[in-house]
Number of protein chains: 2
Amino acid sequence: MARMPVEVRRTALIEAALRVAASRGLHETTTRAIVAEAGMTLASFHYAFESRDELIDRLILDVLAGEEKTVLPDELEGRTLTELLTDGLHGYIEHLRADPAREQAMLELTQYALRTRLPMAKEQYAQYTRLAAVSLALASQHTGTRWIVPLPTVAQLLVAVTDGLTLNWLVNRDDEAIDSAVRAAARAIAALASPASPASPASPASPAGASH
Amino acid sequence: MARMPVEVRRTALIEAALRVAASRGLHETTTRAIVAEAGMTLASFHYAFESRDELIDRLILDVLAGEEKTVLPDELEGRTLTELLTDGLHGYIEHLRADPAREQAMLELTQYALRTRLPMAKEQYAQYTRLAAVSLALASQHTGTRWIVPLPTVAQLLVAVTDGLTLNWLVNRDDEAIDSAVRAAARAIAALASPASPASPASPASPAGASH
DNA sequence: GTCTATACACCGATAGAC
DNA sequence: GTCTATCGGTGTATAGAC
């Protein structure tokens with residue numbers, strides 16, 4: 001095989017490992033399967049990494065950190081809070097639908113980290129929650145609403161809902177059901193803000209939303 | 001070893017397997033580890049079960065089926081919908097707190113089923129959702145409220161929230177944070193019902209909130 | 001640096017004595 | 001029915017030629 005800088009080799013192996021984990025599950029992501037996917041030999045693997053565990057660490061760090069659980073829609077103006085939440089959740093579900101195997105691998109990685117790398121799991125989860133808090137703060141700002149429950153708590157709930165809906169879709173693969181659940185979730189979470197109306201789809205041209 | 005009816009042996013092995021899965025994770029729940037935990041020999045295992053896969057099947061069936069994700073509090077009278085939901089979720093979290101390792105094993109079993117026994121995972125999930133729907137119907141009945149979103153959708157959301165909060169607590173082990181999140185979740189879900197006020201402990205007679 | 005060949009541990013499963 | 005001993009396969013990791 002061609003000579004390659006060890007860092008390039010490492011990256012290639014991590015990407016190969018992610019593909020294997022997505023298609024066959026983490027428990028079948030063996031060193032042999034990874035090098036086969038990457039077109040390398042076993043010895044090359046152990047030249048690049050001390051051990052399989054070391055690669056798994058990098059996999060969790062690089063790949064879970066790249067995940068962004070919630071994304072706000074681009075356009076924030078002229079939408080109600082419920083609409084923003086619906087679109088945000090819907091965007092995440094779209095991402096899930098686009099590559100379910102990958103997201104399932106993420107779930108497996110999280111669970112593996114939970115069992116054997118607890119500090120990494122904690123840090124990762126805190127990161128998701130901070131990101132959710134930022135999105136929620138922006139959303140309330142742009143709709144002139146105010147969270148009547150502490151923002152970190154709402155953020156926790158949003159992350160929990162996202163995780164739960166992910167599992168729901170992975171199990172059932174039911175697009176209509178998940179869309180209903182997403183809308184209900186958005187409406188429910190929006191009810192934790194005041195005073196603007198949480199809801200109705202047909203919103204008239206209300207500049208600056210409801211009140212202050 | 002003492003002779004035992006094969007069904008008794010099967011049960012003992014399944015219980016041993018659950019203990020191993022809880023303490024060391026599903027991927028370390030090998031036939032050898034199981035029989036060591038049960039105080040048997042390898043040969044006895046294969047006398048009771050055709051294969052390890054067969055035991056895992058039974059484990060999923062017997063043990064996931066025994067799970068009841070949401071339980072209503074005993075006393076339903078004189079409580080608001082939010083209170084009922086809070087107590088129900090809180091009861092589940094108590095159950096989780098009492099035996100986190102077991103619940104983590106459940107999560108691993110679910111994920112394993114998702115990867116290799118999809119129909120079983122689907123059926124199990126549907127069972128949880130039906131149970132949630134029954135609880136939600138009872139709760140709205142007893143509080144004189146009505147779900148303004150289809151009941152199955154609310155049930156889906158409740159299951160998703162339960163799953164998400166489970167993961168949250170397993171990662172953070174933060175009792176105060178989870179209690180806040182539980183209360184917020186209850187309040188949010190209660191907002192999907194009308195007309196009774198979804199929320200504040202001191203609830204005035206506010207007819208039909210913001211509605212839609 | 002990259003390869004082939006192999007060491008060594010552990011897996012699920014079975015044969016055959018008792 | 002229950003045991004000990006062992007098979008064949010696969011896992012991670014390494015030795016040593018090139």
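Below, chain A is the first sequence line, B the second, and so on; all start at residue 1.
Remark: B:R9 is in phosphate contact with D:dT2, judged by side-chain N or O atoms under 4.0 Å from OP1 or OP2. Taking 4.0 angstrom as the limit, B:T30 places a side-chain polar atom (N or O) nearer than this to OP1 or OP2 of C:dC11. Taking side-chain N and O atoms only, B:T31 has a distance below 4.0 Å to OP1 or OP2 of C:dG12. Within the 4.0 Å cut-off from OP1 or OP2 of D:dC3, at least one side-chain nitrogen or oxygen of B:S44 is found.
The distance from atom CZ of B:F45 to atom P of C:dC11 is 13 Å, rounded to the nearest whole Å. Atom CG in A:L55 sits about 14 Å away from atom C1' in D:dA13, given to the nearest Å. Between the P atom of D:dT4 and the CE atom of B:M40 lies a distance of 14 Å, rounded to the nearest Å. Distance B:E50 CD to C:dT14 C1': 12 Å, rounded to the nearest Å. Atom CD1 in B:I34 sits about 8 Å away from atom P in C:dG12, given to the nearest Å. When rounded to the nearest whole Å, the span between CZ of B:R52 and P of C:dC11 equals 10 Å. The nearest whole Å value for the distance from the CZ atom in B:R24 to the C1' atom in C:dC10 is 13 Å. If you measure from atom NE2 of B:H27 to atom C1' of D:dT12, you get 14 Å, rounded to the nearest angstrom.
Only one option out of B:L109, B:L107, B:V20 pairs with B:L26 in a side-chain contact (heavy atoms from CB on, under 4.5 Å); it is B:L109.
Residue contacts shown for B:M4 are limited to sugar-phosphate atoms, with no base heavy atom under 4.0 Å away.
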### Query
How far apart are the C-alpha atoms of B:E108 and B:R24, what are their side-chain angles, what is the distance that settles it, and do they pass the salt bridge (charged side-chain N to carboxylate O under 4.0 Å, His left out) test?
CA-CA 11 Å; B:E108 289 181 7; B:R24 293 200 269 151; over 6 Å; no

### Task
Apply side-chain contact (heavy atoms from CB on, under 4.5 Å) to B:F49 and B:R58, showing your working.
CA-CA 10 Å; B:F49 290 103; B:R58 284 280 308 257; 4.2 Å; yes

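Checking D:dG1, D:dA13, C:dG1 against every side-chain atom of A:H46, the shortest atom distance belongs to D:dA13.
Note: A:S51 OG to A:D57 CG = 8.0 Å, rounded to the nearest 0.5 Å.
For the pair A:A43 and A:A33, both in contact range of DNA chain D, the more 5′-proximal nearest nucleotide belongs to A:A33. Toward the 5' end of DNA chain C, the nearer of the two residues A:L42 and A:Y47, judged by each one's closest nucleotide, is A:Y47.
For A:E50, the CD atom sits in a loose shell: 12 or fewer heavy atoms of surrounding residues, nucleotides or ligands are nearer than 6.0 Å.
No hydrogens or angles were tested; on distance alone, a donor-acceptor pair under 3.5 Å links the side chain of A:R32 to the base of D:dT12.
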